[in-house]
Amino acid sequence: MTSHGATEASLQSPAGPSATGDEPEAVGDAPDATGGEPDAQARRMAAARGATRTLDRSPLHVPLLERFSALAAAAPEAVGPREPVDLYGNGVVATLEDEVARLLGKEAAAFFPTGTMAQQVALRCWAGRTGNATVALHPLAHPELHEGGALGAVSGLRTVWPTTERRLPTADEVRDFPEPFGTLMLELPLRDAGFVLPAWEELEAVVAAARERDAVVHFDGARLWECPTHFGRPLAEIADLADTVYVSFYKSLEGLSGAALVGPRTLIEEAKVWRHRYGGQLFQQFPAAVSALLGLRRVLPRLPGYVAHARVVADALREGFAAAGVPWARVHPERPHTHQFQVWLPYEPGVLSEASLGQAEETKTHLFGRWFPDGPPGLSVTEVTVTEEGLAWTADDVKEAVTEFVRRIPADGTRRG
């Protein structure tokens with residue numbers, strides 16, 4: 001059951017809501033979780049894999065056997081030569097849990113096969129402890145868009161929205177919300193609003209407002225790993241604001257799958273009981289755990305560099321569109337908060353998707369992935385991610401790629417206004 005305490009605006013997900021669970025990580029390149037023609041999907045994947053220049057080489061672009069071999073070759077960086085396989089969460093899974101709890105400054109952690117399960121368990125545990133099954137969150141938060149109504153259908157929780165603006169709620173909106181809630185859930189960053197974050201002082205104030213209402217605070221930190229640059233604070237200090245935090249191992253850290261829930265030891269022990277009840281007590285999960293440990297060692301230290309270069313790319317995109325004569329374009333946020341951000345253009349999504357795909361196929365430069373409708377008719381959005389291969393792009397490289405991309409947009413393409 002859902003009750004919306006704010007006026008509903010146009011709040012669709014630019015990635016498209018997924019009825020099957022987690023949305024694809026890179027909307028332009030990942031398998032289409034919402035359906036679509038297999039031939040078109042295969043064409044997109046082939047173009048992404050064949051590109052010699054890209055801002056983000058997604059692990060999804062790597063063939064299965066190649067990725068499996070790479071994981072086996074790198075495993076000694078994370079586990080010893082005589083390390084046993086895990087059984088129902090011991091061994092390397094327990095090692096991963098201990099490391100994540102330490103990194104985030106919490107008493108304990110529990111590994112989950114999915115973030116959807118981890119957050120449902122966390123929120124229902126808090127509902128039992130607070131005596132209030134209402135969760136305040138944003139309408140663009142992951143559970144509202146990408147989990148098929150699971151919070152209500154599976155866990156008996158009710159959601160309310162302190163705001164419908166495309167940003168996280170303010171302290172006043174939380175403090176003045178007209179009905180009680182047991183948990184305030186904040187997605188950091190709020191992906192479907194453009195990977196946006198509040199200022200550090202704003203986040204502190206929002207958390208304090210929730211505490212004034214005797215609510216607990218849970219962070220959807222699927223992408224928390226990339227937030228320290230924006231906040232100017234280490235991970236543990238950010239996590240310290242919340243009672244519990246969920247983090248993903250595949251969204252930013254390039255792991256195979258999996259998530260962790262961190263928080264007080266007593267709650268984490270309860271969460272492990274619910275994990276079993278939800279079917280998350282898998283017999284063996286060592287490939288996912290090893291890949292997560294490798295992500296913590298290899299990728300996590302590089303994320304600040306990705307965030308810094310995403311800002312260079314964003315500026316170059318903006319300048320490139322202006323120079324190419326595009327009538328209206330927006331990079332959002334103007335100064336990216338993480339290494340991911342949105343680009344909006346005044347053309348139909350099919351026109352832009354075909355231009356992106358043609359550029360990747362013919363020039364081997366993969367600038368943009370798929371585009372999706374957002375806002376008024378004729379306005380489209382895509383997501384840009386900057387990772388290791390993107391660091392090689394100069395601002396001039398980006399502008400050159402923009403010029404080529406715009407050249408491929410038909411002169412009669414539908415434009416806003």
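Sequence positions, counted from 1, serve as the residue numbers for this chain.
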Check: Is the shortest distance from a Lys or Arg side-chain nitrogen in Arg167 or Glu202 to a carboxylate oxygen in the other one below 4.0 Å?
Finding: no

Next item on the list: May I ask you to check whether His138 and Glu144 show a side-chain donor-acceptor distance below 3.5 Å?
Entry: no

Notebook entry, point to check: Side-chain contact, heavy-atom cut-off 4.5 Å: Leu352 with Ile409?
Noted result: yes

Margin query: Check this for me, if you would: do Arg318 and Glu334 make a salt bridge, where the nitrogen-to-carboxylate-oxygen distance has to be below 4.0 angstrom?
Written below: no

Next item on the list: Determine whether Leu253 and Leu303 make a side-chain contact, defined as any pair of heavy atoms from C-beta on separated by less than 4.5 Å.
Entry: yes

Checklist line | Donor-acceptor under 3.5 Å (Arg57 side chain, Ala48 main chain) | finding: yes

Notebook entry, point to check: Is there side-chain contact between Pro76 and Pro81, with heavy atoms separated by less than 4.5 Å?
Noted result: no

Next item on the list: Could you tell me whether the side chains of Tyr278 and Ser155 share a donor-acceptor contact shorter than 3.5 Å?
Entry: yes

Notebook entry, point to check: Hey, what's the ring geometry for Tyr306 with His339, parallel, tilted or perpendicular (30° and 60° as the breaks)?
Noted result: tilted

Note to self: Using 0.5 Å steps for rounding, measure from the CG atom of Leu224 to the CG atom of Leu188.
What the structure shows: 6.5 Å

Notebook entry, point to check: Ignoring hydrogens and geometry, is there a side-chain-to-backbone donor-acceptor pair from Arg166 to Gly194 under 3.5 Å?
Noted result: no

Next item on the list: Check for a donor-acceptor pair, side chain of Arg175 on one end and backbone N or O of Ala208 on the other, with a separation under 3.5 Å.
Entry: no

Notebook entry, point to check: Any donor and acceptor pair, going by atom type alone, linking the side chain of Trp371 with main-chain N or O of Glu354 inside 3.5 Å?
Noted result: no

Next item on the list: Taking Arg213 for its side chain and Ala209 for its backbone only, find out whether a donor-acceptor pair lies under 3.5 Å.
Entry: no

Item checked: Lys399 with Glu319: basic N within carboxylate O range, under 4.0 Å -> yes

Next item on the list: Verify whether one side chain among Asp397 and Thr394 offers a donor that lies under 3.5 Å from an acceptor in the other.
Entry: yes

Note to self: What verdict does the side chain to side chain contact (heavy atoms under 4.5 Å, CB included) test give for Phe249 and Phe112, after you've listed the backbone C-alpha separation in whole Å, the side-chain angles of each residue and the deciding distance to 0.1 Å?
What the structure shows: CA-CA 10 Å; Phe249 295 121; Phe112 281 81; over 6 Å; no

Next item on the list: Measure from the side-chain N and O atoms of His142 to the backbone N and O of Arg191, and report whether any donor-acceptor pair falls under 3.5 Å.
Entry: no

Notebook entry, point to check: Would you say Leu379 and Asp374 make side-chain contact, with heavy atoms under 4.5 Å?
Noted result: no

Next item on the list: Show the numbers, then the answer: is there a side chain to side chain contact (heavy atoms under 4.5 Å, CB included) between Gln340 and Val384?
Entry: CA-CA 6 Å; Gln340 297 179 281; Val384 175; over 6 Å; no

Throw together a table of side-chain donor-acceptor distances under 3.5 angstrom for residues 266-277, partners on residues two or more places apart or in other chains.
| from | atom 1 | to | atom 2 | distance (Å) |
| --- | --- | --- | --- | --- |
| Glu270 | OE1 | Arg129 | NE | 3.0 |
| Glu270 | OE1 | Arg129 | NH2 | 3.0 |
| Arg275 | NE | Gln281 | OE1 | 3.1 |
| Arg275 | NH1 | Phe111 | O | 2.7 |
| Arg275 | NH2 | Gln281 | OE1 | 3.1 |

Check: Under a 4.5 Å cut-off applied to non-hydrogen side-chain atoms, are Thr244 and Pro264 in contact?
Finding: yes

Margin query: Under the criterion side chain to side chain contact (heavy atoms under 4.5 Å, CB included), I'd like the reasoning laid out for Glu404 against Thr365: C-alpha separation, chi angles, the key distance, then a yes or no.
Written below: CA-CA 10 Å; Glu404 173 61 26; Thr365 294; over 6 Å; no

Checklist line | Glu204 vs Arg233, salt bridge (Lys or Arg N to Asp or Glu O under 4.0 Å): CA-CA, chis, key distance, verdict | finding: CA-CA 12 Å; Glu204 288 183 308; Arg233 300 291 192 282; 5.6 Å; no

Item checked: Cationic N near anionic O, under 4.0 Å, Glu254 to Arg302 -> no

Item checked: Side-chain touch Glu383/Phe195, heavy atoms, less than 4.5 angstrom -> yes

Note to self: Restricting to non-hydrogen atoms, name the atom on Leu241 and the atom on Val207 that form the minimum distance, rounded to 0.1 Å.
What the structure shows: O-CG1, 3.4 Å

Next item on the list: Take Leu345 and Phe321, measure what side chain to side chain contact (heavy atoms under 4.5 Å, CB included) needs, and give me the verdict at the end.
Entry: CA-CA 9 Å; Leu345 289 177; Phe321 285 124; 3.8 Å; yes

Check: So do the side chains of Asp243 and Thr183 get within less than 4.5 Å of each other, counting heavy atoms only?
Finding: no

Margin query: Any side-chain to backbone donor/acceptor pair from Thr382 onto Arg370? Under 3.5 Å, distance only.
Written below: yes

Item checked: Side-chain donor or acceptor of Ser257 paired with backbone N/O of Ala288 under 3.5 Å -> no

Note to self: Tell me if the centroids of the rings in Phe283 and Tyr88 come within less than 6.0 Å of each other.
What the structure shows: yes

Check: How long is the span from the CD atom in Gln285 to the CG atom in Asn90, to the nearest 0.5 Å?
Finding: 11.0 Å

Note to self: Using only atom types and a distance under 3.5 Å, with no angle test, would you say the side chain of Asp86 pairs donor to acceptor with the backbone of Val92?
What the structure shows: no

Notebook entry, point to check: Does the side chain of Thr134 pick up a donor-acceptor pair with the side chain of Asn132 at under 3.5 Å?
Noted result: yes

Item checked: Non-hydrogen side-chain atoms of Leu186 and Leu203 separated by less than 4.5 Å -> yes

Check: Is a side-chain N or O of His230 found less than 3.5 angstrom from the main chain of Pro198, in a donor-acceptor match?
Finding: yes

